[in-house]
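Report on the following structure.
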There are 2 protein chains.
Amino acid sequence: MNRSNSGANLPTLRSHNAALVLDLLRVAGECGISRLELAERTGLTPQAVSKITARLRAEGLATDAGHRASTGGKPRTVLRLVPDAGYAVGMHLDRDELTVVLVDLAGAVAASRTAPLDFGAPADEVVAVAAYAVAAVRDGGAQSVDLPVLGVGVAVPGPLDHRGGVLHRVTGFPQWDGYPLRDALAARTGLPVVVDKDTNAAALGLALRAAGAGDFAYLHLGTGLGAGLVLGGGLYRGARTGAGEFGHQTVQLDGPVCSCGGRGCIEALCLAAVARGDVAEAARVLGTGAANLVGLLDIDRVMLGGRTVAADPDAYVRGVRAVIDERARLGGIDAPVPVTAAGGGDRPVAEGAAQLVLAPLFGRVAGADVEGADGGAVLVP
Amino acid sequence: MNRSNSGANLPTLRSHNAALVLDLLRVAGECGISRLELAERTGLTPQAVSKITARLRAEGLATDAGHRASTGGKPRTVLRLVPDAGYAVGMHLDRDELTVVLVDLAGAVAASRTAPLDFGAPADEVVAVAAYAVAAVRDGGAQSVDLPVLGVGVAVPGPLDHRGGVLHRVTGFPQWDGYPLRDALAARTGLPVVVDKDTNAAALGLALRAAGAGDFAYLHLGTGLGAGLVLGGGLYRGARTGAGEFGHQTVQLDGPVCSCGGRGCIEALCLAAVARGDVAEAARVLGTGAANLVGLLDIDRVMLGGRTVAADPDAYVRGVRAVIDERARLGGIDAPVPVTAAGGGDRPVAEGAAQLVLAPLFGRVAGADVEGADGGAVLVP
DNA sequence: CCACTTAAGCAACGCTGTTGCCAAAGTGCA
DNA sequence: TGCACTTTGGCAACAGCGTTGCTTAAGTGG
């Protein structure tokens, strides 16, 4: 929805429709989808879909996958995505651990690698370790075959400038302040690199997996508390990539002082409850923040994740759901917003990071420029 | 960013670019804009802009407006919007008052009308009064000339279904629950009708007026407290048009009971402070909610409006700004988000309502279907 | 007065999705 | 087995979009 410089011409049109079809193929998965279904879903004419899919097949991105049962005439030919036409590396740079995955176009993990990491080490050293991990996961995927890797998506904790790939004010790690992570890693790996917050990456991954889930908020409770927002079908980053500062929302005026200097922050109240073992109270505080968010943004779903939640997912889901249901009941709303656990601990973050690279191919994520090593090496021209 | 049924063809492309150019003409206002500037802003080639503007001129939507000073060669021809090529009616149905305005394409008010209203009267009676006001403002605009009125935008308090134009659960006015306001008024007036929340209408109007302001939140403090969100350049309504439920955000766990049944809602705390004359405390509570919002959504600006704010705008702006600045300082942010008063009391709501009809012409507002009397009588074919 | 610069239109072009038509590949009944 | 019917999907011609190459219009400056 970028208002500036958004004039559309025929190449724009072409890639838009191609991305749309590719996304439907991706969502259909193994079972595939027929040309006529694609036409119905996109609003394009069947003939246009035929032309678009012919191009995709010529480029090796789509292929035939059998036939549907006949309904009285010629049976429909089913098309599906060719998953190994492209790969992306997803990386989760956490405070004490490095997780790297290699995923294909369909989002399936082809290889993964986890190693301890000292995020407090000099930035160049961390980048070197990261670049080595990328190389390792590329080799490990298939033996001596050069896989077409489109780029590297990196998820990091704390605030950053997503467009420039530069970190800012990472609490406790001053050596990262202003470090051009994207360009450094792009130079080391020779691949385009996209950097984003860990919560955003996780939310993006979940948004692509659960198709049709609509708008939702992903709340990540680990060493800190943050949120990833999927609004209007796309990841919402805000004006300065700072959206999702959920942890320091005030839910108690003049409450206890938080590490951020504020008072009554959700994060402080929630983690204090966790520290004294009161999971129910932690969930209630989290639920209050979640209910605020649900009301403000009118979202369809709340998903909980992160290490702390993973330790006792049922308790958190139950506690958060109780607050949201109560608020909905008071507001006279019949169907309260569902609350679920994301599952998989920290793994969704690395997989979501890979989707930072892949999502633009499918027309997802507004304004995510994949740049770095070479300007705009995208698959669909 | 609607994901379903969004295949693009040539007419889509054409109207998209036409809307883009029309929007730039609108923003340029009286002074106009040259073809080459349009080309730079849109990213289109000058020749494409020439073709598009030729079409707009043929349709009577644009016209020449003199020349710029020469820079050594042929001087640029300046183009501008023809404001009276189209009009829209904006209506603010408040609890005790009805405000109707007639605005032209440029957003200028050509006629206005205010009358007391009993929102508690039977719905059909209110609609009859509203339809009469629409007819009156259409006649009053120009003497015996049939102005091209594109539709009616209606702003109402409380929750509703924007797509269907049906109200829901309006607190204190049960006769409106489920009433098909859009269709009823469309039948009475013979014009397409769009219905939205008052806060959304006001936010839209402000978004169009202050071009380039980026994302912002409009906080409306009147008989209640609500918010209108402009995210990613467009009005954000949420999945069920319920976004902006700002008043019942909890900012004090286990705080005083609110009329909604919850505890520690901003609205309850804020209005209680207003009732006892403590404007500073009201502003502080409002500021806390605003700061939460700024952090969560990373917006560029906060605007305050509504009758209560209009009574003492400086005090509210100062109080809200203080909280936001303090939070930014703690977060290490250099440039805190600006806070301003919207001004004009309730007038921005009616003008914004008119923009519910006009905005789609300029490519603004995602997913605002103007339907009603006749399906899709828009100006640009 | 003439060289130069800048703006804007004309004509031809490549490419998009669309339309009309036809071959391919099934089902179902006689 | 054969024929009528239904449905799918490709081929060819088409209208319309922005783009490119070139020409004309309308200024400035020496």
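A note on names: the letters A, B, ... follow the listed sequences, proteins ahead of strands, and every chain is numbered from 1.
Closest to the side chain of A:T45, from the set D:dG9, D:dT20, C:dT18, is C:dT18. With C:dG17, D:dG16, C:dA8 as the candidates, the nucleotide lying closest to the side chain of B:R14 is D:dG16. The listed nucleotides are D:dG10, C:dG17, D:dG9; the one nearest the side chain of A:R57 is D:dG10. Proximity note for B:R35 (side chain, C-beta onward) versus C:dA8, C:dG17, D:dG9: the nearest is C:dA8.
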Please output the side-chain donor-acceptor pairs of residues 75-88 of chain A that fall under 3.5 Å, not counting sequence neighbours, one pair per line with the distance.
none

Please list every donor-acceptor pair under 3.5 Å in which a side-chain atom of residues 61-69 of chain A meets a protein atom from a residue at least two apart or in another chain.
| unit_1 | atom_1 | unit_2 | atom_2 | d |
| --- | --- | --- | --- | --- |
| A:D64 | OD1 | A:R57 | NH1 | 3.0 |
| A:D64 | OD2 | A:R57 | NH1 | 3.4 |
| A:R68 | NH2 | A:E37 | OE2 | 3.1 |

- Task: Could you go through the side chain to side chain contact (heavy atoms under 4.5 Å, CB included) check for A:D196 and A:V154 one step at a time?
- Result: CA-CA 6 Å; A:D196 209 335; A:V154 182; over 6 Å; no
- Task: Please report the C-alpha distance between A:R240 and B:D300 in whole Å, then the side-chain angles of each, then the deciding distance to 0.1 Å, and finally whether the salt bridge (charged side-chain N to carboxylate O under 4.0 Å, His left out) criterion is met.
- Result: CA-CA 9 Å; A:R240 285 162 296 275; B:D300 297 305; 2.9 Å; yes
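Under the side-chain contact (heavy atoms from CB on, under 4.5 Å) criterion, B:A8 pairs with A:L13, A:H16, A:N17, B:T12, not counting sequence neighbours. Remark: A:T71 pairs with no residue by the side-chain contact (heavy atoms from CB on, under 4.5 Å) rule, at least two apart or across chains.
Contact between the side-chain N/O atoms of A:N9 and the OP1/OP2 oxygens of D:dC17 is not found at any separation under 4.0 Å. OP1 and OP2 of D:dG9 both lie 4.0 Å or more from every side-chain N or O belonging to A:S50.
Separating the CG atom of A:D64 from the P atom of C:dA24 is a distance of 18 Å, rounded to the nearest angstrom. Atom CG in B:L79 sits roughly 11 Å away from atom C1' in C:dA8 (whole-Å rounding). One atom, CG of B:N17, and another, C1' of D:dT19, lie 13 Å apart when rounded to the nearest Å. To the nearest angstrom, C1' of C:dA8 lies 16 Å from CZ of B:R68. Computed from coordinates, the B:L10 CG to C:dG14 C1' distance equals 13 Å when rounded to whole Å. If you take CG of A:L20 and C1' of C:dG17, they are 14 Å apart, rounded to a whole angstrom. Note: CG (A:L38) to P (D:dG9) measures 10 Å, nearest angstrom. At whole-Å resolution of the value, CD1 in A:I52 and P in D:dG9 are 15 Å apart.
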Tabulate atom names and distances for all N/O pairs under 3.5 angstrom spanning the protein and nucleotides 26-30 of chain C.
| unit_1 | atom_1 | unit_2 | atom_2 | d |
| --- | --- | --- | --- | --- |
| C:dG26 | N2 | A:G72 | O | 3.0 |

Just the table, please: protein N/O against nucleotides 11-13 of chain C N/O, every pair under 3.5 Å.
none

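Between atom CG of residue B:L150 and atom CG of residue B:L105 there is a gap of 6.5 Å, rounded to the nearest 0.5 Å. With rounding to the nearest 0.5 Å, the separation of CG in A:D23 from CG in A:L361 is 10.5 Å. Rounding to the nearest 0.5 Å places CG of A:L208 at 5.0 Å from CD of A:Q355.
Side-chain contact check for B:Q47 versus B:R35: every heavy-atom pair is 4.5 Å or farther apart.
Residue-to-nucleotide proximity on DNA chain D shows that, of A:R76 and B:V49, the 5′-proximal contact is made by A:R76. With DNA chain C read from its 5' end, the first of the two nearest nucleotides for A:L13 and B:V78 is the one closest to B:V78.
The residue B:S34 sits apart from the nucleic acid: no heavy atom pair falls under 4.0 Å.
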